[in-house]
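A quick write-up on the structure given underneath.
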Amino acid sequence: MPHVENALFGMGNPLLDISAVVDKDFLDKYGLKPNDQILAEDKHKAMFDEIAKKSKVEYHAGGSTQNSVKIAQWMIQTPHKVATFFGCIGTDHFGEILKQKAEEAHVDARYYQQTQEPTGTCAACITGDNRSLVANLAAANCYNKEKHLDLDGNWELVEKAKVYYIAGFFLTVSPESILKVAKHASENNKIFSLNLSAPFISQFFKEAMMKVMPYVDILFGNETEAATFAKEQGFEETDDIAEIARRAQSLPKVNKKRQRVVVFTQGKDDTVATIGEKVTMFSVLDIDQNDIVDTNGAGDAFVGGFLSELVQERTLEECIRAGHYAANVIIRRAGCTFPEKPDFP
């Protein structure tokens, strides 16, 4: 299949990542776990100012879905604009940075820009190889279906796509936008994929998630998210990841032409995937502990690599191999950044 412009569609929260190495006292001060993703509360407001004053603070264009589509584009290289991205930003300096970074990554980003809220940010508080993420959605939370997704020029780009990917994080923002896209994919036998994204999504946005689940062709997540999902869904075997994958696969599904595929990553341990009736384990690429710079973005990178092969109609095994390759590249660098070209055979 030739690469087609806008064949991959992503929609989510565009955030500017502000990352810095912090110590345990810093985490304790703001009540953070070493390895977690949460939404910012009032008590975290001062933290954003404090982290921005750290000596080695880094700014990277982020947001889970945006990271993944960027990596998919990077893996594919040419043509440009294979990936479309929708999300909401502010009319400010951070918003301009996100636009510029999307352009540099050759992603066709169509942002909904509004003036009420500033561009969203995500503080990545790094201790050792752990990272605690605190997202202040701000503008990202203002995405408006009627004022953006429903507009003819934008919806045409949705219709043009063959593969859709939305991180679960967006369920907190615009579940109605997700449903519209998911139903379109299902009715046209195209591939819709969703990520569990974080334990709090399965816990507190369960209803929105389960409305979308019948349209999900590929479900992504990591071992912690899978365990929380299983617990929330009342699965009996919540400590056996292969069993959780099997149970998630057999949840009700609208488009019967495609059997759901469930893919759970487990850091350095094997990735678990449902292929047909069986659950298969895929070992990740070996890496020396000393070469790991930042595991933030590993999950997003895995999905990006996976999607880059999926858009080219490759096998599930090849999609997973590409996901492992992309994640292996990303964790050697700070932020969700990558070298000029991939070296993926």
Side-chain angles (χ1 to χ4, degrees), residues 5-18 39-40 59-73 80-122 135-161 163-185 192-195 197 201 205 208 211-212 215 300 303-304 307 336:
E5 279 193 4
N6 307 107
L8 173 62
F9 175 85
M11 180 165 61
N13 299 330
L15 304 173
L16 190 75
D17 286 346
I18 306 171
L39 292 177
Y59 292 88
H60 299 285
S64 184
T65 307
Q66 185 167 244
N67 282 343
S68 293
V69 298
K70 266 187 198 168
I71 290 197
Q73 178 67 59
H80 293 161
K81 298 193 174 178
V82 168
T84 310
F85 177 77
F86 286 4
C88 182
I89 59 174
T91 313
D92 52 17
H93 177 58
F94 281 178
E96 290 309 310
I97 294 177
L98 286 186
K99 279 188 184 168
Q100 180 200 332
K101 295 286 186 190
E103 209 167 296
E104 285 168 12
H106 308 300
V107 167
D108 194 0
R110 306 289 177 108
Y111 296 117
Y112 170 54
Q113 261 187 302
Q114 46 72 61
T115 51
Q116 263 67 51
E117 287 281 341
T119 296
T121 49
C122 179
N136 180 25
L137 297 183
N141 208 22
C142 301
Y143 187 79
N144 185 306
K145 176 176 167 290
E146 288 74 27
K147 290 183 180 164
H148 195 263
L149 184 69
D150 294 345
L151 302 183
D152 290 350
N154 291 333
W155 186 251
E156 277 165 21
L157 288 169
V158 176
E159 293 180 322
K160 214 173 155 184
V163 173
Y164 302 84
Y165 172 67
I166 299 177
F169 290 124
F170 201 58
L171 286 162
T172 75
V173 173
S174 185
E176 60 284 359
S177 295
I178 302 179
L179 267 176
K180 184 176 182 182
V181 171
K183 284 177 178 170
H184 166 80
F192 180 82
S193 55
L194 182 80
N195 203 315
S197 290
I201 302 289
F205 296 87
K211 274 195 184 135
V212 176
Y215 304 99
D300 294 340
V303 172
L307 294 171
C336 200

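Residue numbers run from 1 in the order of the sequence given. What you see is a predicted model, and the numbers here were worked out from it, not measured in a lab.
Side-chain N or O atoms of Q114 include one that pairs as donor or acceptor with a backbone N or O of I89 at under 3.5 Å. Using a distance-only test at 3.5 Å, with no hydrogens or angles considered, a donor-acceptor pair links the side chain of D92 to the main chain of T119.
Across L151 and E146, no two heavy atoms sit closer than the pair CD2-O, 3.9 Å. Between S197 and I201, the closest heavy-atom pair is CB-CG1, 4.5 Å. When all heavy atoms are compared, the tightest approach of F192 to A185 is CB-CB, 3.8 Å. Across every non-hydrogen atom of A139 and G90, the tightest pair is CB-N, 3.5 Å. What you find for K70 and A105 is that their closest heavy atoms are CG-CB, 3.6 Å. For N136 against L15, the heavy-atom pair with the smallest separation is O-CD2, 4.3 Å.
Using a 4.5 Å heavy-atom threshold, the side chains of L98 and Q66 count as touching. Using a 4.5 Å cut-off on side-chain heavy atoms (C-beta onward), W155 and D150 make no contact. By the 4.5 Å heavy-atom criterion applied to side chains, I166 and V212 are not counted as neighbours. Here the side chains of N154 and L149 are not in contact, with every heavy-atom distance at 4.5 Å or above. Looking only at side-chain heavy atoms (C-beta outward), Y215 and L179 come within less than 4.5 Å of each other.
Here S64 pairs with D300 under the side chain to side chain donor-acceptor pair (under 3.5 Å) rule; sequence neighbours left out. T65 is linked by a side chain to side chain donor-acceptor pair (under 3.5 Å) to nothing, counting only residues two or more places apart in sequence or in another chain. F169 pairs by the ring pair (Phe, Tyr, Trp, His ring centres under 6.0 Å) definition with nothing, not counting sequence neighbours.
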- Chi angles and distances behind the side-chain contact (heavy atoms from CB on, under 4.5 Å) call for E117, N141: CA-CA 9 Å; E117 287 281 341; N141 208 22; over 6 Å; no

- Item | Working for side-chain contact (heavy atoms from CB on, under 4.5 Å), residues H148 and M11 | CA-CA 11 Å; H148 195 263; M11 180 165 61; over 6 Å; no

- May I have the step-by-step check of side chain to side chain donor-acceptor pair (under 3.5 Å) for Q100 and E96, ending in yes or no? CA-CA 6 Å; Q100 180 200 332; E96 290 309 310; over 6 Å; no

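Aromatic ring pairs are classed by plane angle as parallel below 30°, tilted from 30° to 60° and perpendicular above 60°; the pair Y59 and F94 is tilted.
Around NZ of K180, the count of heavy atoms belonging to other residues, nucleotides or ligands within 6.0 Å exceeds 12. A 6.0 Å sphere centred on CD of E103 holds no more than 12 heavy atoms belonging to other residues, nucleotides or ligands.
Tested against F86 for a ring pair (Phe, Tyr, Trp, His ring centres under 6.0 Å), the candidates Y143, Y111, F9 yield a single pass: F9.
Atoms OG1 and CD, on T84 and E5 in that order, are 9.0 Å from each other to the nearest 0.5 Å.
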